[in-house]
Amino acid sequence: MANYKTIKLNPTSKTLLTLSSILVVGMAAYNWTVSPQTCYLRAANLYNVMIGDAGQMTKTIKTQMVSKDRAIKDLNAEIAQIQNGFFTVKQANEFFLDLEPIARQCSCTVDRLVFLASESIAYKGDHNDSCSITLKRSAISFTGLYPDIIRFLRRLNNYAQRILIKDFHIDSSDLVSGELSCQMSITIYLIEDKEFRADE
């Protein structure tokens with residue numbers, strides 16, 4: 001017959017064994033129940049932080065887009081204003097053809113209208129975009145009363161485009177009637193580049 005020896009534990013060992021068993025069971029319970037919840041909370045917290053960062057980045061990007069959009073609108077308005085200062089080819093031809101009728105409407109008589117040689121100036125931009133500005137000139141001599149001449153000049157001033165009047169001379173042609181004789185040169189500016197040609 002086998003001889004079984006019984007091991008008797010003293011109270012300290014019993015306490016240690018009980019505490020170890022409780023500790024092992026507690027750790028296992030923690031790993032099964034509390035640890036997944038902690039990982040879930042940590043993941044949820046990281047998700048919230050990432051969402052917050054993404055929301056902040058979205059807000060920053062939207063603010064930048066609004067600022068850029070405002071800058072683009074300002075630039076478009078500036079470009080439109082610059083464009084208005086130049087004639088198109090069609091508008092330039094119409095302008096020179098209208099000089100005599102405008103003078104007649106202002107009770108002035110055109111004695112001479114001479115078209116002078118055009119001058120072209122090439123301009124190269126920052127990004128190698130080039131455009132050319134053409135200066136078209138004419139010399140005009142006309143007679144009329146002082147108020148009529150002023151009216152004619154005001155009509156020219158009413159154009160939205162830039163018109164340069166140079167070499168302006170005025171002489172009295174007839175002392176009895178009070179008519180004055182005027183000579184001047186008129187320069188207008190045409191711009192031609194890819195965008196302007198596409199707009200026409």
Side-chain angles (χ1 to χ4, degrees), residues 61-200:
I61 290 168
K62 279 184 182 176
T63 305
Q64 288 175 349
M65 283 175 63
V66 166
S67 172
K68 301 278 184 201
D69 192 40
R70 200 175 302 124
I72 288 170
K73 282 180 182 169
D74 291 346
L75 284 173
N76 283 337
E78 194 176 328
I79 288 169
Q81 189 175 2
I82 291 170
Q83 277 181 333
N84 288 339
F86 291 94
F87 283 86
T88 63
V89 175
K90 183 181 175 188
Q91 289 171 337
N93 292 335
E94 287 173 358
F95 171 76
F96 284 118
L97 289 173
D98 287 345
L99 279 177
E100 195 167 348
I102 290 171
R104 273 200 308 268
Q105 288 170 7
C106 296
S107 303
C108 295
T109 307
V110 174
D111 303 319
R112 188 173 67 98
L113 179 60
V114 179
F115 295 100
L116 306 172
S118 299
E119 182 184 346
S120 191
I121 303 164
Y123 170 75
K124 201 158 245 201
D126 296 338
H127 305 289
N128 288 332
D129 298 331
S130 63
C131 68
S132 64
I133 298 170
T134 305
L135 281 64
K136 281 195 137 192
R137 298 184 177 99
S138 70
I140 185 170
S141 299
F142 59 97
T143 56
L145 297 172
Y146 183 76
D148 301 330
I149 293 168
I150 296 299
R151 213 155 27 120
F152 177 66
L153 293 173
R154 281 198 178 130
R155 286 285 296 275
L156 295 181
N157 191 44
N158 286 339
Y159 277 86
Q161 296 88 349
R162 182 179 295 194
I163 298 169
L164 178 66
I165 294 175
K166 288 174 67 179
D167 305 323
F168 184 80
H169 298 288
I170 190 164
D171 297 312
S172 59
S173 61
D174 189 352
L175 292 172
V176 177
S177 66
E179 279 196 335
L180 301 170
S181 177
C182 287
Q183 297 90 36
M184 64 184 183
S185 67
I186 299 172
T187 305
I188 62 170
Y189 302 89
L190 285 79
I191 190 162
E192 292 180 35
D193 71 353
K194 290 174 274 187
E195 287 181 27
F196 284 104
R197 281 199 293 272
D199 288 345
E200 285 184 19

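FYI, the numbering just counts along the sequence from 1.
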Out of curiosity, L153 CG to I165 CD1, how far, rounded to the nearest 0.5 Å?
5.5 Å

For a 4.5 angstrom cut-off between non-hydrogen side-chain atoms, does F96 reach L113?
no

C182 pairs by side-chain contact (heavy atoms from CB on, under 4.5 Å) with which of D111, I170, I140?
I170

Beyond-backbone contact of R137 with E119, side-chain heavy atoms, under 4.5 angstrom
yes

Enter the distance from L135:CG to S120:OG here, rounded to the nearest 0.5 Å.
8.5 Å

OG1/T187 to CG/L164 distance, rounded to the nearest 0.5 angstrom?
5.0 Å

Say you draw a straight line from SG of C106 to CG of L145; how long is it, rounded to the nearest 0.5 Å?
12.0 Å

If you define the side chain from C-beta out and look only at heavy atoms, does anything of I188 sit under 4.5 Å from Q161?
no

Flag the pair I186 / F95 as yes when at least one side-chain heavy-atom distance between them is below 4.5 Å, and no otherwise.
yes

Compare all side-chain heavy atoms of M184 with those of F142 and state whether any distance is below 4.5 angstrom.
yes

Return yes when atom CZ of F168 has more than 12 non-hydrogen atoms of other residues, nucleotides or ligands closer than 6.0 Å, and no otherwise.
yes

What one should report as the nearest heavy-atom pair of G144 and C108 is CA-SG, 4.3 Å

Side chains of S181 and E179, donor plus acceptor under 3.5 Å:
no

Give the minimum heavy-atom separation between R162 and F87, together with the two atoms involved.
O-CE1, 3.8 Å

With heavy-atom distances below 4.5 Å as the criterion, would you say the side chains of L99 and F152 are in contact?
yes

Salt-bridged, D69 to K73, with N to O below 4.0 Å?
yes

When rounded to the nearest 0.5 angstrom, what distance separates CG in L180 from CD1 in I149?
4.5 Å

I would like to know whether K136 and V89 meet side-chain contact (heavy atoms from CB on, under 4.5 Å); could you show each step before the answer?
CA-CA 10 Å; K136 281 195 137 192; V89 175; 5.8 Å; no

From CG (D171) to OG1 (T143), nearest 0.5 Å
12.0 Å

